[in-house]
Amino acid sequence: MRFQEPQCIRIPMSAFPKNCVSFTYGQSPRALTRKDNHPTRRKLLTWEEAEWAINKFPYDHNEGTWLEMQIWEESTIQHFYNNKNNLYVKDFNVSQRMSEATKQMVYMKYFPYIRMLPSRLFFDANSVHGVMHALRVFVLADKLAEDQKLDIQLKSILQCSALYHDIGRNNDQIDDFHGYRSYEEIRKFGIVLQKFPFKLQEIMRFVIENHPFDDQKAVENIKKYSLGDSERIEAMKVLHILKDADTLDRCRFGHINLDYLALEDSRKYVSFAYQLLTIFREKI
């Protein structure tokens with residue numbers, strides 16, 4: 001969505017000469033600068049080394065790694081681009097692009113919530129898990145809540161969870177337990193809890209503490225919370241919305257894995273999520 005008339009092109013890897021491509025295990029800026037001792041760091045991989053990396057280090061969605069391919073010749077791309085077979089070249093659905101007036105409406109509607117996100121709540125307010133990430137997750141969650149027809153109380157819980165789900169982070173790395181710390185910070189600062197009855201507080205606690213985990217782990221954990229059967233169903237629904245909103249904002253890393261979206265409705269917000277980056281950027 002960073003171009004006015006974007007297109008995508010599908011080219012099988014086997015079409016490229018092996019001596020004209022290289023690979024990194026993960027996004028190249030990160031893979032080439034990380035200081036850890038992983039054997040794939042700080043180097044471009046050959047075709048054979050890429051096959052070795054695939055077999056040696058399976059994809060880990062928590063790490064967010066994938067095999068990035070760098071192409072060092074144009075003739076193969078040009079050949080496939082000139083082939084107008086729809087299997088190869090496809091226009092994106094630009095009808096989903098927001099007008100400047102719509103973007104301004106989104107900004108005016110949601111930017112006032114920034115006052116609920118003081119910088120002191122975050123280890124780095126300008127980081128990829130900082131203020132603007134929280135605000136974008138709030139916007140996306142709000143849209144999904146409308147589609148899922150959440151009642152007003154559950155929507156309030158979802159909104160608070162979206163705003164404060166990452167305030168317990170102390171780094172930008174994988175951290176399965178930052179949800180627990182986030183809820184501790186909410187209690188410590190007395191954020192919004194007093195306006196909710198105990199059962200709703202318990203749903204919010206479950207949602208925030210368990211948003212870093214997969215569904216299986218969350219289902220196991222939900223037994224530890226003081227929730228009845230119907231409340232557990234509601235809690236899982238709110239959790240799915242928050243996690244999908246969080247996943248959609250992974251577009252800030254350049255990629256959204258649709259397999260991680262729990263709700264079918266969430267898929268229609270991919271284009272919106274990318275455009276949201278142009279409205280609420282990382283720097284504040």
Side-chain angles (χ1 to χ4, degrees), residues 1-8 27 29-30 64 91-150 152 155-167 169 172 178 182 191-192 207-208 211 238 240-258 260-284:
M1 304 313 298
R2 294 171 175 80
F3 301 94
Q4 291 301 310
E5 298 296 334
Q7 291 181 317
C8 64
Q27 235 178 350
R30 193 165 183 247
D91 290 331
F92 279 98
N93 184 0
V94 296
S95 65
Q96 297 181 28
R97 185 182 302 127
M98 287 187 280
S99 67
E100 290 304 315
T102 302
K103 288 183 179 180
Q104 185 65 18
M105 287 174 59
V106 171
Y107 180 87
M108 295 297 290
K109 179 179 180 180
Y110 289 106
F111 188 76
Y113 288 95
I114 205 83
R115 70 182 185 276
M116 299 177 67
L117 294 167
S119 297
R120 63 183 173 80
L121 295 179
F122 298 84
F123 84 96
D124 182 352
N126 292 318
S127 78
V128 293
H129 293 102
V131 169
M132 287 305 179
H133 166 63
L135 186 58
R136 290 192 302 268
V137 171
F138 174 87
V139 176
L140 290 161
D142 193 53
K143 295 288 187 183
L144 289 170
E146 293 176 4
D147 289 350
Q148 295 298 306
K149 297 179 171 56
L150 281 192
I152 190 168
K155 188 174 181 181
S156 294
I157 290 297
L158 171 66
Q159 290 173 332
C160 292
S161 299
L163 288 172
Y164 304 117
H165 71 286
D166 275 348
I167 63 173
R169 276 189 169 274
D172 283 321
H178 74 270
S182 293
I191 298 171
V192 303
V207 169
I208 292 177
H211 83 270
V238 175
H240 284 152
I241 295 175
L242 176 64
K243 289 180 65 174
D244 277 11
D246 207 10
T247 295
L248 285 166
D249 196 49
R250 289 193 67 80
C251 64
R252 68 197 190 280
F253 300 125
H255 175 68
I256 301 173
N257 191 328
L258 300 184
Y260 299 147
L261 295 175
L263 306 171
E264 189 63 33
D265 280 340
S266 299
R267 293 171 177 260
K268 70 183 182 184
Y269 287 103
V270 170
S271 174
F272 180 83
Y274 276 99
Q275 294 174 86
L276 205 56
L277 283 172
T278 69
I279 302 173
F280 302 116
R281 297 184 181 277
E282 305 299 337
K283 296 295 183 183
I284 59 175

Going by atom type alone, with no hydrogens or angles, which donor-acceptor pairs under 3.5 Å involve a side-chain atom of residues 159-167 and a protein atom two or more places apart or on another chain?
from, atom 1, to, atom 2, distance (Å)
Q159, NE2, D142, OD1, 3.1
S161, OG, I157, O, 2.8
Y164, OH, M116, O, 3.0
H165, ND1, A162, O, 2.7
H165, NE2, H133, NE2, 3.3
D166, OD1, H178, NE2, 3.0
D166, OD2, H133, NE2, 3.3

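Here the OG-CG distance, from S266 to L248, works out to 5.5 Å after rounding to the nearest 0.5 Å. The NZ atom of K143 lies 9.5 Å from the CG atom of L276; values are rounded to the nearest 0.5 Å. Between the CE atom of M108 and the CD1 atom of I279 there is a distance of 13.0 Å, given to the nearest 0.5 Å. Distance check, rounded to the nearest 0.5 Å: CD of E146 to CD1 of I241 gives 10.5 Å. Rounding to the nearest 0.5 angstrom, the gap separating the SG atom in C251 from the CD1 atom in I256 is 4.5 Å. The CD atom of Q275 lies 13.0 Å from the OH atom of Y269; values are rounded to the nearest 0.5 Å.
Between the side chains of D244 and Y260, no donor-acceptor pair of N or O atoms lies under 3.5 Å.
Ionic pairing of K243 and D246 is not present here: no N-O contact between side-chain nitrogen and carboxylate oxygen is shorter than 4.0 angstrom.
Under the 4.5 Å side-chain criterion, counting only non-hydrogen atoms from C-beta, L144 is not in contact with H240. Counting heavy atoms from C-beta outward, V131 and I114 have side chains that approach closer than 4.5 Å. Considering only heavy atoms from C-beta on, H129 comes within 4.5 Å of R252 through its side chain. At least one side-chain heavy atom of L117 sits under 4.5 Å from a side-chain heavy atom of F122.
Applying the salt bridge (Lys or Arg N to Asp or Glu O under 4.0 Å) criterion to D124, with sequence neighbours excluded, gives no partner residue. For K103, the salt bridge (Lys or Arg N to Asp or Glu O under 4.0 Å) test picks out E100, with sequence neighbours left out. Every residue meeting the side-chain contact (heavy atoms from CB on, under 4.5 Å) condition with F253, not counting sequence neighbours, appears here in chain and number order: V128, R250. In this structure, the side-chain contact (heavy atoms from CB on, under 4.5 Å) partners of R115, at least two apart in sequence or on a different chain, are P112. With sequence neighbours excluded, no residue satisfies side-chain contact (heavy atoms from CB on, under 4.5 Å) with I152.
For the residue pair L158 and L150, the shortest heavy atom distance occurs at CD2-CD1, 3.9 Å. Between A141 and A245, the shortest heavy-atom distance links the atoms N-CB, 3.6 Å.
Using modelled atom types, no side-chain atom of D249 and backbone atom of V137 make a donor-acceptor pair closer than 3.5 Å. Between the side chain of R136 and the backbone N or O of F280 there is at least one donor-acceptor pair closer than 3.5 Å.
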Applying side-chain contact (heavy atoms from CB on, under 4.5 Å), run through F123 and D172 and close with a yes or a no.
-> CA-CA 9 Å; F123 84 96; D172 283 321; 3.5 Å; yes

